[in-house]
Amino acid sequence: MCKNSLGQPIGPIVQNWIEPQRPTFTTIDGLYCKLEKLDPLRHTEDLFEANTLSKDHQIWTYLPYGPFEKLENYREWVIDMAAKDDPLFYTIIDKKAGKALGVASYLRITPAAGSIEVGHINFSPVLQKTAMATEAMYLMMRHVFVELGYRRYEWKCNALNEGSKAAAKRLGFTYEGTFRQAGVIKGRSRDTAWFSILDSEWTIMEQAFARWLAKDNFKPDGQQVTSLTDFANDVRQEQAA
């Protein structure tokens, strides 16, 4: 434990720390999907069509906006979001079909702390539980840690959103606690669950993602052979050996 001259415990020195740059829009290419800057002209209709497949608008329950009954209303929202740099919105594109199927963003971008959050994740039913969905999260994470040099990547969600919490844990995030009555969303009180993954933990997940995303990890019907969690556990055991 580090201590100062007064005998008080203090944090360790961050070696070779260089404050990272803020993310800017760049196309991020993967095997199954690619991420592009949210573009009202190119992406709105595809996204709206894909979102309409959500039974009873379930994908909008925990978001502070939506559902959008009309294309015109959704277009207004896309135009507004696409103009911002925090949150910085990306569109997830199915490389095979060339269709926009979901969105996600970087937000709470704090270069001085080396911290950044992923949020506003909204995957249409076509995107959910696919290799593309996992790859999109991997690509955003890799961009933050490898290409930009951030130290901390955050995930926050409504504490009642069990699906989001399970997804965070599967992707390698660690639960840090719940902020009680953290906000009022759509007239209802919201407790917010906090998760994070650190640059030191990314080394394990990077290998796990690479193994999971390999084409030989998927059956002809698209089902996985080995889970991402199992791959992560394998990497941890290998590094501990």
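Position 1 is the first residue of the sequence; numbering continues from there.
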Will you find, in the side chains of Asp230 and Ser227, an N or O donor that is under 3.5 Å from an N or O acceptor? yes

Give the table of side-chain donor-acceptor pairs shorter than 3.5 Å for residues 7-24, with sequence neighbours excluded, one pair per line with atom names and distance.
unit_1: Gln8; atom_1: OE1; unit_2: Asn4; atom_2: ND2; d: 2.9
unit_1: Arg22; atom_1: NH1; unit_2: Ile109; atom_2: O; d: 3.4

Rounded to the nearest 0.5 Å, what's the gap from CG on Asp29 to NZ on Lys34? Could you check? 6.5 Å

Check whether any side-chain N or O of Glu135 sits under 3.5 Å from a backbone N or O of Tyr32 as a donor-acceptor pair, and report yes or no. yes

Are the charged groups of Lys99 and Glu36 less than 4.0 angstrom apart, N to O? no

Return the minimal non-hydrogen interatomic distance between Val235 and Ala208, and the atom names on each side. CG2-N, 4.1 Å

Does the Thr178 side chain pair with the main chain of Ala193, one donor and one acceptor, at a distance under 3.5 Å? no

State whether the side chain of His143 and the backbone N or O of Leu139 hold a donor-acceptor pair below 3.5 Å, judged by distance alone. no

With a cut-off of 3.5 Å and sequence neighbours excluded, list every side-chain donor-acceptor pair involving residues 65-79.
unit_1: Tyr65; atom_1: OH; unit_2: His120; atom_2: ND1; d: 2.8
unit_1: Glu69; atom_1: OE2; unit_2: His57; atom_2: NE2; d: 3.3

Heavy-atom donor-acceptor pair, Glu201 side chain to Leu198 backbone, under 3.5 Å: yes

Looking at Met132, is its backbone amide N or carbonyl O close enough to the side chain of Thr134 to form a donor-acceptor pair, meaning the two atoms are under 3.5 Å apart? no

Interatomic distance, CG@Leu88 vs CZ@Phe25, rounded to 0.5 Å, equals 3.5 Å

Would you name the heavy atoms of Tyr106 and Val144 that are closest together and state the gap between them? CE2-CG2, 3.4 Å

Is Glu206 salt-bridged to Arg142, cutoff N-O under 4.0 Å? no

Between Phe173, Tyr138, Phe195, which is the residue that forms a ring pair (Phe, Tyr, Trp, His ring centres under 6.0 Å) with Tyr153? Phe173

Please say yes or no: joined through hydrophobic side-chain contacts below 4.5 Å, possibly via intermediate residues, are Ile204 and Met137 part of one cluster? no

Is there a path of hydrophobic side-chain contacts, each under 4.5 Å between heavy atoms, that joins Met205 and Trp212? yes

Compare every heavy atom of Leu107 with every heavy atom of Asp86, then report the nearest pair and how far apart it is. OD1-CA, 3.1 Å

Any donor-acceptor N/O pair, Thr130 side chain to Ala133 backbone, under 3.5 Å: yes

Any donor-acceptor N/O pair, Ser164 side chain to Asn161 backbone, under 3.5 Å: no

